[in-house]
Amino acid sequence: MSIQTVAAVLTLLAILALGAVFLRVRWLAHDGRDYAPVQGTAYRIRTIVFWVLVLVGLPISILLFRENPYSAQAAAPQVVNATGYQWYWDLDRSEVTAGTPVEFRVTSADVNHGFGIYDAGGTLVAQTQAMPGYVNRLIHVFDAPGTYDVLCLEYCGLVHHNMIAEIVVNEGEANDD
Amino acid sequence: MTDATFMQGAMTTADRGRLWVVLYLATTGVVLLLMMLAGLWMRLAQAGWLSPDPAFFYQLMTVHGTGMVGIAALGGAAVLWHFLSAHVRLNSWVMGANFGVFLIGVVAILVADLLGGFGGAWTFLYPLPATSQGAWPVWAAALHLGGLLVIGVGFLIWCLELARGIIATYGGLGRGLGWHLLFANSQQNVPPPTVVAATLVTIVTTLALIAGAIVLVMSLVNLAFPAIEIDPLLAKNLIYFFGHSFINATIYMAITVVYELLPRITGRTWKTTKVFLAAWTLSTAMVLTVFPHHLLMDFAMPVWLMAVGQIFSYINAIPVLIVTGLGALAILHRSGIRWDLVSTLLLIAVFGWMAGVIPAVIDATVVVNSVMHNTTWVPGHFHFYLLLGLLPMFFALMVHLARGEDVTPRGGDLTAILYLVLGLGFVSMFLIGGWASVPRRWAQHLPEWQVWDQVASVMAAGVIVLTATFVATFLVRIPAILREA
């Protein structure tokens with residue numbers, strides 16, 4: 001299951017659960033009761049929800065941050081220097097090999113761009129920003145051979161939507177450093 | 001538990017600037033409809049049902065984004081002023097001055113975008129305004145940024161007036177946040193929820209506008225003297241600190257309609273408790289610090305700031321969910337009310353706020369952001385939050401005023417239910433697009449993406465019709481509203 005699907009399912013479940021609570025409140029609102037016991041129950045629920053969010057959710061958020069791409073290192077990666085221009089990508093190589101890390105050194109010659117790698121099925125598999133004056137190192141391992149597209153994911157002017165390049169990913173071991 | 005109860009004694013709000021509140025709300029309603037039509041036009045273009053020049057698409061995208069942020073602030077200001085002025089003496093000339101300045105800025109932006117051809121998006125990321133490959137002239141970029149600066153100055157003056165009023169009435173912004181109760185257990189002059197919200201708005205918006213003014217002036221200097229360059233990463237940080245904090249603050253302005261009207265509708269009080277105050281103090285800090293979640297794909301950022309962006313975004317959701325959300329549900333639960341248009345709009349607003357936060361928190365997780373940043377998941381979040389959270393708050397106040405501030409239930413709420421259903425359909429298409437990796441801000445979509453654009457267009461048309469009914473309900477009653485004042 002892709003990260004996108006996990007994110008979408010979690011979002012859907014959370015919104016449905018929340019919606020169910022709202023529907024219940026709406027459904028029972030006509031049945032007037034004293035506020036004090038209702039409020040007491042609400043305070044108890046609040047306490048439980050608070051501690052669940054803190055004791056369960058917060059550690060998950062902190063642990064998930066460990067899965068960040070910022071300090072990624074790869075032994076003997078294949079290196080691709082990528083520079084964004086209005087409105088094209090300049091890649092110093094357009095073929096890499098699947099199964100071994102590729103280090104994209106991404107920058108821009110003019111304005112901000114977004115370097116988004118899409119697989120043959122049109123799914124976004126990795127990205128970083130391309131910013132003038134900075135080089136962002138994105139390390140990615142292509143799981144499968146095929147033709148991947150690089151789409152611009154940061155609005156950069158009038159031909160932003162046509163700023164597309166191709167990367168061919170071949171089978172086999174990497175043959176260069 | 002130490003409680004200080006704010007009793008909702010008055011049945012009407014003695015606001016001192018009713019004329020301006022009405023004018024703000026009327027302007028918000030009309031501009032909102034125009035901006036919605038612009039949004040529909042963009043969705044129709046992405047759906048393949050229109051074939052516009054991409055240059056015009058991006059100009060309209062810039063107008064739509066900038067305009068929506070502007071009227072979110074204008075409408076939020078109207079709601080907050082209306083309710084705050086019952087607790088704090090405010091000088092209504094400030095509302096007039098801000099409105100005049102706002103109009104000047106709007107005219108400048110419209111001329112720059114529609115006549116000058118500026119299409120740098122509402123984010124105006126440096127150095128795009130100055131680097132368009134001839135798509136727009138420098139004067140258009142300068143006029144757009146200058147218009148934003150003028151509007152920002154107007155709202156800064158407005159914020160300073162809020163600060164003055166709160167300090168004069170409560171003795172300081174800390175007391176406006178209820179710190180004397182929270183930290184010293186003092187029961188004297190405990191601020192009601194509206195004042196607490198206004199204090200957050202004052203602090204957050206003032207700082208956001210100062211940051212925005214700084215980056216706007218820097219960008220204007222760069223336009224005039226291209227040799228004077230800006231660090232793009234610094235500019236991006238300033239822009240998102242300004243942009244995120246400013247738009248986020250608008251819902252904290254508008255939430256006051258929930259705090260004020262639900263107690264009147266249900267006859268139950270909304271207490272200023274220590275938990276409430278702690279939540280709002282936490283929110284004040286979080287709203288100002290979560291903006292790095294917009295820069296999670298800028299790997300050159302310090303890693304600790306990225307951690308702040310992810311983890312604080314999660315923490316920021318907690319007070320929203322458990323204090324305002326649960327508080328509203330508790331007040332409504334088994335309250336004996338009969339649902340009508342106003343109460344249902346308020347219920348939808350609280351749901352929209354709480355539910356709209358969820359996709360944002362998930363996307364603020366770096367591992368998710370790596371494959372969903374700048375897809376349509378992002379507009380999915382903020383359209384959810386604004387369309388189903390913020391706007392129903394505006395509509396609730398509009399209808400409430402149109403009914404002479406009488407909270408006796410009347411009529412049905414079918415239009416509100418339809419608005420919710422169609423709104424959910426509309427924002428779901430953005431979210432599904434994000435799930436399918438559709439990039440945001442593309443003038444032309446691939447054929448395989450267009451089915452969601454087409455469904456979204458139909459839903460958007462329905463949302464616009466319903467919005468028009470809410471706005472019209474208010475507009476036709478304006479003479480009576482002013483007479484009643």
Side-chain angles (χ1 to χ4, degrees), chain A residues 3-5 7-8 10-11 14-15 18 21-22 25-26 28-33 35 38-39 42 45-46 49-50 53 57-58 61-62 64-65 67-71 86 110-112 114 116 118 122-129 131-134 136-137 151 153-158 160-161, chain B residues 54-55 58 119 121 125 127-128 131-133 135 231-233 236 268 297-300 303 306-307 310-311 314-315 318 321-322 326 329-330 332-339 347 351 354-355 358-359 362-363 365-368 370-375 431 435-437 439 441-444 448:
Chain A
I3 293 172
Q4 287 94 331
T5 300
L10 284 176
T11 300
I15 290 174
L18 190 64
V21 173
F22 272 77
V25 168
R26 179 177 168 83
L28 296 175
H30 69 280
D31 178 22
R33 304 275 178 90
Y35 188 33
V38 171
Q39 198 172 32
I45 293 172
R46 185 174 70 186
V49 172
F50 173 77
L53 290 172
L58 192 55
S61 180
I62 293 169
L64 281 175
F65 186 74
E67 297 296 317
N68 72 67
Y70 309 129
S71 307
Q86 288 173 310
D110 39 49
V111 301
N112 289 277
Y118 281 68
T123 300
L124 178 59
V125 295
Q127 68 169 303
T128 187
Q129 289 275 297
M131 178 177 277
Y134 291 87
N136 289 331
R137 290 171 57 256
L151 273 56
L153 289 181
E154 186 63 75
Y155 175 63
C156 58
L158 300 194
H160 165 57
H161 54 281
Chain B
Y58 290 124
L125 284 184
L128 182 58
T131 313
S132 69
Q133 302 295 337
D231 182 328
L233 192 57
K236 202 171 185 180
R268 293 173 168 179
M297 291 299 103
D298 285 283
F299 295 1
V303 175
M306 304 300 220
Q310 172 173 320
I311 296 165
Y314 174 78
I315 296 173
I318 295 176
L321 292 170
I322 71 166
L326 269 177
L329 288 171
L332 287 164
H333 189 51
R334 296 188 189 278
S335 58
I337 68 163
R338 186 175 77 74
W339 293 102
L347 185 73
F351 170 75
M354 294 174 76
I358 293 166
I362 288 179
D363 186 41
T365 309
V366 177
V367 67
V368 175
S370 292
V371 292
M372 297 186 96
H373 178 62
N374 276 350
T375 67
L431 294 172
W435 164 76
S437 301
R441 292 184 176 136
W442 273 36
Q444 294 167 358
E448 57 264 36

Q. Taking it one step at a time, do A/E67 and B/V366 satisfy side chain to side chain contact (heavy atoms under 4.5 Å, CB included)?
A. CA-CA 8 Å; A/E67 297 296 317; B/V366 177; over 6 Å; no
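Contacts of B/H373 classified as side-chain hydrogen bond (donor to acceptor under 3.5 Å, both in side chains), with partners at least two apart in sequence or in another chain: none. For B/Q133, the side-chain hydrogen bond (donor to acceptor under 3.5 Å, both in side chains) partners two or more places apart in sequence, or in a different chain, are A/Q86.
Of all the listed residues (A/V111, A/L151, A/V49, A/V125), the one sharing the greatest number of non-hydrogen pairs under 4.5 Å with chain B is A/V111. Between chain A and the residues B/P127, B/A443, B/A55, the largest count of heavy-atom pairs under 4.5 Å involves B/P127. Counting heavy-atom pairs closer than 4.5 Å to chain B, the top-ranked of the candidates A/I45, A/N68, A/L58 is A/L58. Each of A/G57, A/G114, A/S71 has some count of heavy-atom pairs under 4.5 Å with chain B, and the biggest count is that of A/G57. Most heavy-atom pairs under 4.5 Å with chain A, from the set B/L347, B/L233, B/T375, B/I315: that is B/L233. Listed options B/Q310, B/R441, B/M372 were ranked by heavy-atom pairs under 4.5 angstrom with chain A; first place goes to B/Q310. Considering only heavy-atom pairs separated by less than 4.5 Å from chain A, the leading option among B/A436, B/A355, B/S370 is B/S370.
The two residues A/Y118 and B/P439 make their nearest non-hydrogen contact at OH-CD, 3.8 Å. When all heavy atoms are compared, the tightest approach of B/N374 to A/L153 is ND2-O, 2.5 Å. Nearest heavy atoms, B/W435 versus A/A8: CD1-CB, 3.8 Å. Looking at every heavy atom in both residues, B/A330 comes nearest to A/V38 through O-CG1, 3.6 Å. What you find for A/A7 and B/V368 is that their closest heavy atoms are CB-CG1, 4.0 Å. Closest approach of A/V25 to B/W339, counting heavy atoms only: O-CZ2, 4.4 Å.
In this structure, the side chain of B/Y314 does not engage the main chain of A/I62 through any donor-acceptor pair within 3.5 Å. Put simply, the side chain of A/N136 gets close to the backbone of B/A300: a donor and an acceptor are under 3.5 Å apart. Remark: side-chain polar atoms of B/S437 are not paired, donor with acceptor, to backbone N or O of A/T123 under 3.5 angstrom. A donor-acceptor pair under 3.5 Å is formed between the side chain of A/T128 and the backbone N or O of B/M297. Between the side chain of A/D31 and the main chain of B/R334, no donor-acceptor pair closer than 3.5 Å is present.
Between A/Q129 and B/F299, every side-chain heavy-atom pair lies at or beyond the 4.5 Å cut-off. Counting heavy atoms from C-beta outward, A/M131 and B/D298 have side chains that approach closer than 4.5 Å. Between B/V303 and A/F65, the closest side-chain pair of non-hydrogen atoms falls below 4.5 Å. For the pair B/L125 and A/E154, the minimum side-chain heavy-atom distance is below 4.5 Å. The shortest distance between side-chain heavy atoms of A/L10 and B/I362 falls below 4.5 Å. Looking at A/S61 and B/T365, their side chains never come closer than 4.5 Å, going by heavy atoms from C-beta outward. Side-chain atoms of B/H333 and A/L28, non-hydrogen and from C-beta on, do get closer than 4.5 Å to each other. Using a 4.5 Å cut-off on side-chain heavy atoms (C-beta onward), A/L158 and B/P54 make no contact.
Only the side chain of B/D231 comes within contact range of chain A, with at least one heavy atom under 4.5 Å from a heavy atom of that chain. Of the atoms belonging to A/A126, it is backbone heavy atoms, and not side-chain ones, that fall under 4.5 Å from chain B. At a 4.5 Å heavy-atom cutoff, the contact between A/Q39 and chain B is made by side-chain atoms alone. Both the backbone and the side chain of A/R26 come within less than 4.5 Å of a heavy atom in chain B.
More than 12 non-hydrogen atoms from other residues, nucleotides or ligands lie less than 6.0 angstrom from CH2 of B/W442.
To the nearest 0.5 Å, the span separating CG on A/D110 from OG on B/S132 amounts to 11.0 Å.
Between B/Y58 and A/Y155, the angle of the ring planes lies from 30° to 60°, which puts this pair in the tilted group.
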